[in-house]
Protein chains: 2
Amino acid sequence: MSFEKTSTVESLLGLLSLGPMSGYEMRQMMERSTANFWTESYGQIYPALKRMVKDGLATVEEQSKDGRAKKVYKLTGEGERRLRAWLGVEAKPQVHRNELLLKVFFGDQALRGAIAAQVVAERERCEEALERYEATVLRMEVEHARHPAMPYWRMAARCGMAHAKATIAWCDETFAELEKRGLVSKAKFY
Amino acid sequence: MSFEKTSTVESLLGLLSLGPMSGYEMRQMMERSTANFWTESYGQIYPALKRMVKDGLATVEEQSKDGRAKKVYKLTGEGERRLRAWLGVEAKPQVHRNELLLKVFFGDQALRGAIAAQVVAERERCEEALERYEATVLRMEVEHARHPAMPYWRMAARCGMAHAKATIAWCDETFAELEKRGLVSKAKFY
DNA sequence: TAGCACATGTAATAAGTTACATGATTTT
DNA sequence: AAAATCATGTAACTTATTACATGTGCTA
């Protein structure tokens with residue numbers, strides 16, 4: 001069993017494990033559940049679905065619900081096996097590029113206040129992410145309280161939330177240090 | 001001033017702000033300093049350097065140190081301005097894909113013990129990252145104690161370390177929960 | 001009737017890795 | 001003498017986003 005470099009196909013298999021659905025619905029579902037740590041564009045989804053059918057990982061059925069045509073995909077046994085196999089393979093360590101850290105690293109070259117502004121902006125982004133996580137979990141708890149996968153959804157969300165919280169703490173600490181060093185441009189923050 | 005989607009050129013400008021160097025040396029330097037949050041391959045570096053010279057962001061000088069030829073690049077005023085401008089632009093929020101979280105999210109489909117194993121593996125990766133960060137900072141403190149950029153290098157490292165620590169804590173908490181739910185395959189961990 | 005959500009797809013472009021090709025020098 | 005490191009580069013391939021093209025059905 002060999003896997004591609006990225007997990008586009010597997011993310012779709014995972015969604016199909018929750019029930020048959022169309023490419024459009026997959027995109028939507030990602031937006032409402034995994035958006036904080038995984039998304040796919042239509043440009044990836046539709047070609048991937050074609051490959052999946054060709055490879056026997058899913059089947060298609062053209063449905064015309066209310067005159068509106070859609071292609072509903074369904075996981076095959078082979079698809080399930082493939083998903084399970086992928087879930088058992090250790091993700092190999094990959095560098096996730098972090099533009100903020102790159103900017104901080106070269107911060108000595110920035111105009112006074114620029115890095116402090118980056119830190120403030122990052123803090124805001126993290127607060128937003130945290131809110132998104134909280135809203136997502138809350139909605140899921142309400143809509144799918146008894147779903148067997150719920151504990152896993154909660155675990156995944158908690159990891160993202162832990163990241164966000166740690167980054168917020170770092171932002172505060174770092175902003176304070178920049179302030180102590182006189183590297184915060186007053187005009188912008190008081 | 002408009003920027004490309006990624007910061008390959010800017011990462012090279014940043015390195016050149018520390019002093020003139022060759023493409024090979026840039027790669028090496030990244031490996032020894034920003035490897036935890038930013039790397040570039042030669043396939044990116046060499047073409048980018050060509051573009052940079054063409055765009056007036058750097059100049060080249062062919063040097064033959066000890067009979068060995070190399071191209072040493074140097075930042076121009078325009079290159080400096082460009083770097084400073086980039087440092088002042090807020091990074092727009094991007095989803096960084098997290099394969100581990102995707103696997104946890106679909107963990108209900110995994111074989112017993114598989115997700116616990118993923119969590120254990122992630123914990124190890126984070127411990128390693130933490131060690132790399134500590135070693136990097138230590139080496140820098142020794143080699144460049146009085147470098148004006150040192151405070152920024154420390155800040156960047158501390159952010160990465162905070163991430164790693166937060167993830168380790170999440171791993172422990174999550175492993176404990178999986179254990180409580182009987183989702184750890186005994187054979188593998190005792 | 002205008003606009004939005006539903007629905008599927010492709011083409012162009014961008015971004016990035018890997019493997020290969022080449023050759024010098026230094027270390028083992 | 002072999003292997004590793006220094007040094008530059010390109011070609012093939014993979015991955016991903018964005019914009020475009022097309023059309024239906026529902027809602028304001």
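Within every chain, numbering begins at 1; the chains are lettered A, B, ... in the order of the sequence lines, protein sequences first and strands thereafter. All values derive from a computational prediction rather than experimental measurement.
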Practice task
Evaluate the salt bridge (Lys or Arg N to Asp or Glu O under 4.0 Å) criterion for residues B:K103 and A:E10: first the C-alpha distance (whole Å), next the side-chain angles of each, then the deciding distance (0.1 Å), finally the verdict.
Solution key: CA-CA 9 Å; B:K103 288 187 182 185; A:E10 286 78 13; over 6 Å; no

Completion exercise
Here the distance between atom P of C:dA15 and atom CZ of B:F3, to the nearest Å, is 14 Å

Exercise for the section: Could you please spell out the steps behind the salt bridge (Lys or Arg N to Asp or Glu O under 4.0 Å) verdict for B:E177 and B:K180? Expected result: CA-CA 5 Å; B:E177 194 188 326; B:K180 214 176 60 192; over 6 Å; no

Exercise for the section: Decide whether a cation-pi geometry holds between A:R123 and A:F175; the criteria are a distance under 6.0 Å from NZ or CZ to the six-membered ring centre and an angle within 45° of the ring axis. Expected result: no

Problem - Check: B:E40 main-chain N/O paired with B:R27 side-chain donor or acceptor under 3.5 Å - result: yes

Practice task
Establish, with yes or no, whether the OP1 or OP2 oxygen of C:dT17 is under 4.0 angstrom from a side-chain nitrogen or oxygen of A:K92.
Solution key: no

Exercise for the section: Round to the nearest Å and state the distance from B:Y46 atom OH to C:dG16 atom P. Expected result: 18 Å

Fill in the blank from the handout: Atom CD of B:E62 and atom P of D:dA7 are separated, to the nearest Å, by 13 Å

Problem - Spacing of A:Q94 atom CD relative to C:dT18 atom P, expressed in whole Å - result: 11 Å

Practice task
Give the rounded distance in Å between these two atoms: CD of A:E31 and P of C:dC6.
Solution key: 12 Å

Exercise for the section: Provide, to the nearest angstrom, the distance between the CD atom belonging to A:Q28 and the P atom belonging to C:dA7. Expected result: 7 Å

Practice task
Kindly assign one of parallel, tilted or perpendicular to the pair A:F37 and A:Y133, based on the angle between their ring planes and the thresholds 30° and 60°.
Solution key: parallel

Practice task
Compare side-chain N and O positions of B:Y24 against OP1 and OP2 of D:dT8 and report whether any pair is under 4.0 Å apart.
Solution key: no

Exercise for the section: Could you run through nucleotides 13-18 of chain D and give me one letter per nucleotide, 5' to 3': B if any protein heavy atom sits under 4.0 Å from the base, S if only the sugar-phosphate is that close, - if neither? Expected result: --SBBB

Handout entry: Phosphate OP1/OP2 of D:dC6 contacted by B:K71 side-chain N/O (<4.0 Å)
Key = no

Exercise for the section: Give the rounded distance in Å between these two atoms: OH of B:Y73 and C1' of D:dG9. Expected result: 10 Å

Exercise for the section: Report yes or no: do B:S7 and B:W86 form a side-chain donor-acceptor pair below 3.5 Å? Expected result: yes

Practice task
Check the distance between D:dC26's C1' and A:R68's CZ and give it to me in whole angstrom.
Solution key: 7 Å

Handout entry: Worked check of salt bridge (Lys or Arg N to Asp or Glu O under 4.0 Å) between A:E128 and A:R125
Key = CA-CA 5 Å; A:E128 277 162 31; A:R125 284 194 295 271; over 6 Å; no

